[in-house]
Each structure stands twice: as structure tokens, then as C-alpha cells.
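What follows is a short report on a single structure.
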Amino acid sequence: IVLPMRMQLTGGRTWLTGGVDDASPAAVNPGLVGALRSAHAELIELKASPLTPPSDFADAKAPNGLHRRQLSRLVFLAPDLQRAILQGAQPPALKLRTLLKTELPLAWSDQRAWFARMRADGPMR
């Protein structure tokens, strides 16, 4: 039996890639989804969410710690990019670490362009 695959060893993990049709279905990244959900939940709890009524902003607090502040930036991704992450349609190379360590643009159009470049070129630094 010959399988049209090859093993690709990266970072201690083993991935099977290849085959005649390498178009794989959308794979939901549980780390990205969990981070996005927890960022929304925390900002709602801190009354700092974009969905918080303006009258409640006086009681808003900032997230504690660098990691939580980096995570809170995910809330401000364009809605269609958040939806793509939840559906598993994000660029295959996109990892949570990349999102947290990258200075993402604030403008949604620039965020979409960044995602498109990442989809075409792979991880960006």
C-alpha cells in the first residue's frame, strides 16, 4: 500500500501533509477560539467591552497583567475576522502566539489586509 503523504516533523509534533487533494476542510483552532471567547467574557466582566453601554464606562477597569491585556486586543478584531476564527476559516499558519505578539492595526480594513497577507505568505513577524 502506498499512501500519497509524507510526514513533516516540526517542533516535536508530527503532522501528516500531502495527498492528491491537499484542500482540507476548515479546522477550528481551539486555542484561538478559547482566547477570543475568554477575552470577550473578561472585558464584559470589567465593563470595558465595546458592547458596554456608555453609562457604565465610568466603572470600567483594565485587564491585569500583560497576557490579559494582549488577549483583550482580540475583542477589537473585525467582526468577520472573529467569525472566521470561530468557524475555522482563519489562515492555516495563524496561531494564538502570532496574534498576541503582533501589533495588529486598529482599522478593520488593515486587519483584513494583514489576514490576507498571512494567508498568502504564511506567518509574518
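Computed over heavy atoms, backbone and side chain alike; hydrogens, waters and symmetry mates excluded. Note that this is a predicted model, so its numbers are computed, not measured. Just so you know, residue 1 is the first one in the sequence shown, and it goes up from there.
Annotation: salt bridge (charged side-chain N to carboxylate O under 4.0 Å, His left out) contacts involving residues 87-96, sequence neighbours excluded, are absent. Counting only residues at least two apart or in different chains, side chain to side chain donor-acceptor pair (under 3.5 Å) contacts with residues 66-80 comprise Glu42-Arg68, Asp80-Arg112.
Taking Gln82 as the reference, His40 meet the side chain to side chain donor-acceptor pair (under 3.5 Å) condition, with sequence neighbours excluded. Taking the side chain to side chain contact (heavy atoms under 4.5 Å, CB included) definition, one finds that Pro92 meets it with Arg119, sequence neighbours left out. In this structure, the side chain to side chain contact (heavy atoms under 4.5 Å, CB included) partners of Ala84, at least two apart in sequence or on a different chain, are Ala89. Considering only residues two or more places apart in sequence or on other chains, Thr52 meets the side chain to side chain contact (heavy atoms under 4.5 Å, CB included) condition with Lys47, Ser49, Asp56, Phe57.
Val28 places none of its side-chain heavy atoms less than 4.5 Å from the side chain of Leu86. Leu106 is not listed as a side-chain neighbour of Phe76, based on a closest heavy-atom distance of 4.5 Å or more. Inter-residue side-chain proximity for Phe115 and Leu94 is flagged as met; some heavy-atom pair is nearer than 4.5 Å. The shortest side-chain heavy-atom distance between Leu99 and Leu74 falls under the 4.5 Å cut-off.
A continuous path of ILVMFWY side-chain contacts below 4.5 Å connects Leu71 to Leu81, so both sit in one hydrophobic cluster. In this structure, Val75 is not a member of the same hydrophobic cluster as Leu32, with clusters built from ILVMFWY side-chain heavy atoms closer than 4.5 Å.
Going from atom NZ of Lys101 over to atom CG of Leu96 covers 10.0 Å, rounded to the nearest 0.5 Å.
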